[in-house]
Protein chains: 2
Amino acid sequence: MKAVAAPRRERKKQQTRDALIQAALALFIAKGYEQTAVREVTDAVDVSERTFFRYFANKEDLALSLARDHTDALMRELAARPLAEPPLVALRNALHAAVEGLTAAGGALTGDSAYLSIMKLIEATPSLMAAHLRYMHERDDEIARALAEREGVDPVTDLRPRCVAAVFSGLFISANREWRYAGGTVEAMLATFDACADQVAGALSGHWT
Amino acid sequence: MKAVAAPRRERKKQQTRDALIQAALALFIAKGYEQTAVREVTDAVDVSERTFFRYFANKEDLALSLARDHTDALMRELAARPLAEPPLVALRNALHAAVEGLTAAGGALTGDSAYLSIMKLIEATPSLMAAHLRYMHERDDEIARALAEREGVDPVTDLRPRCVAAVFSGLFISANREWRYAGGTVEAMLATFDACADQVAGALSGHWT
DNA sequence: AACGCTATGTCAGTCTATGACACTTTGCAA
DNA sequence: TTGCAAAGTGTCATAGACTGACATAGCGTT
């Protein structure tokens with residue numbers, strides 16, 4: 001009668017989903033991902049374990065759900081970059097915009113923003129790290145397609161989109177290692193990425209002497 | 001009284017380990033990684049399930065054991081490249097040498113070499129893919145150190161080693177996708193890698209028009 | 001020939017994940 | 001309003017990957 005958009009049922013679902021994510025992340029950060037049983041999460045939200053697996057394919061899926069939001073933001077920002085920017089510049093700026101947008105919206109559980117907390121959790125947990133890497137590399141194709149469209153080249157014939165997308169992933173993953181060092185900051189990560197991006201073209205050709 | 005190197009006990013261990021690997025890979029290739037229970041592997045070799053986990057930390061560990069050999073070969077070949085070769089060239093040549101060395105030594109279970117079989121298995125199995133990516137990216141540091149030493153730069157101060165190592169991983173992972181397409185060949189993979197390596201420096205600066 | 005260390009087997013139990021089936025709630029319509 | 005069908009949940013049973021504890025068998029030594 002009132003809400004056109006959200007039937008009550010949908011709202012409750014979203015509510016349960018959010019509650020699961022929030023409870024899980026709090027526990028993961030407090031006592032570690034591996035050390036937190038799914039049961040503990042569902043108990044905190046008062047749903048059955050079975051329900052958990054109806055919302056998330058598995059434990060990793062939940063832990064990475066926020067990381068996915070971050071990647072989504074990156075893709076949106078990339079699409080929004082002016083066409084005047086060449087590929088690597090556009091990627092660099094999109095990354096900055098995405099990260100800054102996310103750190104602003106921080107769920108302050110600890111001193112860190114939600115983004116920082118998740119990234120540190122992932123970086124500190126081998127199984128999450130693995131899943132996250134797979135997810136990121138799966139996005140390579142999407143990035144390649146976006147770049148090809150920007151530059152007006154054929155994404156099948158021309159290897160450059162794929163190539164630059166792969167390089168971007170590599171550099172981003174490398175920069176993400178900054179989280180491992182205690183007190184890793186968003187600024188340090190972005191600074192590392194930028195420095196690499198600036199030097200990469202030169203470093204790839206010839207000797208360094 | 002005779003063998004200085006290998007006491008009988010050690011030989012038996014190696015033998016069991018090899019048997020487990022071989023039986024497992026045969027089963028994985030025949031019916032898929034996820035569809036093969038550890039129990040089936042241990043039954044084939046006639047050891048207890050518990051023993052399996054004393055040899056391998058987990059199922060993935062076994063599946064990736066061969067992939068690890070391949071990465072080891074890459075590192076050895078890299079160390080063997082003449083210093084006259086600049087970083088990216090040395091990496092490229094090391095990759096060629098490593099891959100060719102491995103495809104030669106093929107355990108012919110199917111028509112593919114052991115190398116090809118494993119890579120296709122990994123590429124087709126999400127959980128293995130994730131674990132493999134993590135493993136490869138963990139090697140980035142090692143590659144960076146090797147490059148720094150080759151070029152005589154400081155691996156801490158200078159970002160270029162880390163940077164080029166990251167790019168190499170990205171490109172190699174990208175090239176590895178070739179395995180996904182039915183009948184992917186070693187040649188196709190290497191050709192893709194080479195083409196990317198040739199274009200990458202140019203593609204990173206400016207527009208592509 | 002007896003002893004100690006090491007590899008292996010057995011067993012019990014935890015945790016993730018999934019299928020089957022019953023029950024409750026919600027949305028919609030007669 | 002009543003009532004039905006669909007969607008969401010709970011419960012139960014089960015498979016499969018691990019892990020710790022403890023007993024046993026086997027090699028390697030003295």
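Note on naming: letters A, B, ... go to the chains in the order of the sequence lines (proteins, then strands), and numbering restarts at 1 for each one.
- With a 6.0 Å radius and a threshold of 12 heavy atoms from other residues, nucleotides or ligands, A:Lys31 has its NZ atom above the threshold.
- D:dG28 atom P lies 12 Å from atom NZ of B:Lys13, rounded to whole Å.
- Atom-to-atom, CD of B:Glu34 to P of D:dA15 comes out at 18 Å; the value is rounded to the nearest Å.
- The bend of the helix from C:dA1-D:dT30 to C:dA30-D:dT1, defined by the angle between the axes of its first five and last five pairs, stands at 0° to the nearest 10°.
- Taking the six-membered ring for Trp and the full ring otherwise, A:His132 and B:His137 have centroids separated by 6.0 Å or more.
- You'll find the side chain of A:Leu116 reaches within 4.5 Å of the side chain of A:Lys120, heavy atoms only.
- With D:dT9, C:dG4, D:dG10 as the choices, the nucleotide that has an atom nearest any side-chain atom of A:Ser48 turns out to be D:dG10.
- Using cut-offs of 30° and 60° for the angle between ring planes, the A:Phe172 and A:Phe168 rings count as parallel.
- Under 4.0 angstrom from either OP1 or OP2 of C:dA7 there lies no side-chain N or O belonging to B:Lys12.
- Atom CG in A:Asp43 sits roughly 15 Å away from atom C1' in D:dT11 (whole-Å rounding).
- Counting to the nearest Å, the C1' atom of C:dA7 and the CZ atom of B:Arg11 are 16 Å from each other.
- When heavy atoms are screened at a 4.0 angstrom cut-off, B:Thr36 is found touching the sugar-phosphate backbone but no base atom.
- For A:Arg9, the side-chain atoms get nearest to D:dA6 when compared with the rest of C:dC5, D:dA6, D:dA17.
- Side-chain contact between B:Thr51 and B:Val45 is absent, with no heavy atoms from C-beta onward closer than 4.5 Å.
- No contact: B:Ser127 has no heavy atom under 4.0 Å from any strand.
- In this structure, CG of B:Leu62 is placed 14 Å from C1' of D:dA17, rounded to the nearest angstrom.
- Projected onto DNA chain D by closest heavy-atom contact, A:Glu49 and B:Glu49 fall at different nucleotides, the more 5' of which corresponds to A:Glu49.
- Between A:Gln15 atom CD and D:dG8 atom C1' the separation is 14 Å, expressed in whole Å.
- Closest to the A:Arg50 side chain, of the nucleotides C:dG9, C:dC15, C:dG19, is C:dG19.
- Here A:Arg162 pairs with B:Glu178 in a salt bridge; the nearest charged N to carboxylate O distance falls below 4.0 Å.
- A:Ile29 and A:Ser117 get closest at one heavy-atom pair: CD1-CB, 3.6 Å.
- Nucleotide D:dA17 holds its P atom 13 Å from the CG atom of B:Leu128, rounded to whole Å.
- Looking at residues two or more places apart in sequence or on another chain, you find no ring pair (Phe, Tyr, Trp, His ring centres under 6.0 Å) involving A:Phe53.
- The local environment of CG in A:Asp154 is crowded, with over 12 non-hydrogen atoms from other residues, nucleotides or ligands closer than 6.0 Å.
- Atoms CG (A:Asp46) and C1' (D:dG10) sit 11 Å apart, rounded to a whole Å.
- Looking at residues 52-61 of chain B, you'll see B:Arg54, B:Tyr55 sit with a heavy atom under 4.0 Å from some atom of DNA chain C.
- Across all their heavy atoms, B:Ala94 and B:Leu74 have their closest contact at C-CD1, 3.8 Å.
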